[in-house]
Amino acid sequence: MVKRVRGSRTGRPIMVLLDLLGRRWTLRILWELREAPLRFRELQGLIGASPTIVNTRLAELRAARLVELDEATGYRLTALGGELLQLLLPLHVWSEKWASLYPRPFAASASPTRRAGSPRGRR
């Protein structure tokens, strides 16, 4: 049985997933964890959200079994989370093409790779 998340009315798996992914900062957390595990403060610094929100989203993602906490390395994607991210990558490719059509509005946030030690601003 799929557990409903706050705001889900149907309990259908696709709607539950979309409800979860539609929450502010959820996709950003998944995206930032794509390359390597991150400790809480690193993750919070990269996305710029409040610690309370980051903690809440991480708890939701852990409950959904998309993210796990490894005490030695920090938060990381589970195999299921990695699989979801692979499904989102075509959207990343498409968005890069889309952004290239309008370089000015996207210039400040168009950075496909994360640079260690340089936090990004809010989305």
Side-chain angles (χ1 to χ4, degrees):
M1 181 85 184
V2 176
K3 182 179 176 185
R4 290 184 187 180
V5 293
R6 186 187 78 226
S8 174
R9 295 176 187 224
T10 68
R12 291 187 194 114
I14 186 66
M15 298 314 295
V16 172
L17 177 63
L18 292 175
D19 288 341
L20 177 62
L21 296 180
R23 293 179 182 182
R24 189 164 189 193
W25 303 114
T26 299
L27 284 169
R28 180 69 185 267
I29 289 170
L30 293 171
W31 186 252
E32 294 300 343
L33 294 174
R34 75 192 180 281
E35 294 174 356
L38 293 170
R39 299 208 175 276
F40 182 87
R41 289 191 186 272
E42 293 173 304
L43 185 57
Q44 194 258 328
L46 283 169
I47 66 175
S50 77
T52 302
I53 292 293
V54 174
N55 194 45
T56 300
R57 293 301 172 258
L58 285 169
E60 292 167 347
L61 289 167
R62 288 177 70 189
R65 298 184 177 152
L66 299 175
V67 169
E68 61 190 4
L69 175 60
D70 179 294
E71 296 295 332
T73 60
Y75 290 94
R76 65 181 179 198
L77 295 175
T78 62
L80 198 58
E83 187 178 340
L84 173 61
L85 194 66
Q86 290 301 310
L87 295 170
L88 295 173
L89 287 177
L91 287 175
H92 170 65
V93 171
W94 181 89
S95 71
E96 292 293 320
K97 184 190 314 182
W98 177 56
S100 73
L101 298 173
Y102 306 98
R104 276 305 209 203
F106 298 105
S109 62
S111 176
T113 59
R114 173 178 58 208
R115 291 182 177 85
S118 71
R120 291 189 212 154
R122 295 178 184 246
R123 42 175 198 164

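All of these numbers come straight from a predicted model, not from anything done at the bench. Positions are given from 1 along the sequence.
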Study note, to complete from the structure: In short, L30 meets L66 closest at the heavy-atom pair CD2-CB, 4.4 Å
Check your understanding: CG/L91 to CD/E96 distance, rounded to the nearest 0.5 angstrom?
Key -> 12.0 Å
Check your understanding: Parallel, tilted or perpendicular: which fits the ring planes of Y102 and W98, with parallel below 30° and perpendicular above 60°?
Key -> perpendicular
Point to revise | Interatomic distance, L46 atom CG to R41 atom CZ [nearest 0.5 angstrom] | key: 14.0 Å
Check your understanding: Are any of the side-chain heavy atoms of L21 and L84 separated by less than 4.5 Å?
Key -> yes
Exercise for review: Would you give the length of the straight line joining atom CG of L43 to atom CZ of R28, rounded to the nearest 0.5 angstrom?
Suggested key: 9.0 Å
Practice item. Please step through side-chain contact (heavy atoms from CB on, under 4.5 Å) for the pair N55 and F40, ending with a clear verdict. Key: CA-CA 8 Å; N55 194 45; F40 182 87; 4.1 Å; yes
Point to revise | Same cluster (ILVMFWY, side-chain, under 4.5 Å), L85 and V93 | key: no
Practice item. Would you mind reporting whether L38 and Y75 have side-chain heavy atoms less than 4.5 Å apart? Key: no
Check your understanding: Looking only at heavy atoms, which two atoms of I47 and I29 are closest? And how far apart?
Key -> CD1-CG1, 3.8 Å
Check your understanding: Can you name the nearest heavy-atom pair linking L20 to A64, along with the distance?
Key -> CD2-CB, 3.7 Å
Point to revise | Salt bridge flag under 4.0 Å for residues E60 and R57 | key: yes
Check your understanding: Where is the tightest heavy-atom contact between W25 and I53, given as atom of each residue plus distance?
Key -> CD1-CG2, 3.4 Å
Practice item. Find out whether L33 and L61 are in side-chain contact, i.e. whether some heavy atom of one side chain is under 4.5 Å from a heavy atom of the other. Key: no
**Study point:** Contact check, side chains of L27 and L88, non-hydrogen atoms, under 4.5 Å
**Key:** yes
Check your understanding: Any Lys/Arg nitrogen of R76 or E68 sitting under 4.0 Å from an Asp/Glu carboxylate oxygen of the other?
Key -> yes
Study note, to complete from the structure: To the nearest 0.5 Å, atom CG of D19 lies from atom CZ of R12 at 11.5 Å
**Study point:** Same cluster (ILVMFWY, side-chain, under 4.5 Å), M15 and L87
**Key:** no
Revision key, fill the gap. V54 and Q44 have their tightest heavy-atom pair at CG2-CG, 3.8 Å
Check your understanding: How far does CG of L89 sit from CH2 of W31, to the nearest 0.5 angstrom?
Key -> 5.5 Å
Point to revise | Sequence-distant partners of E83, side chain to side chain donor-acceptor pair (under 3.5 Å), two or more places apart | key: none
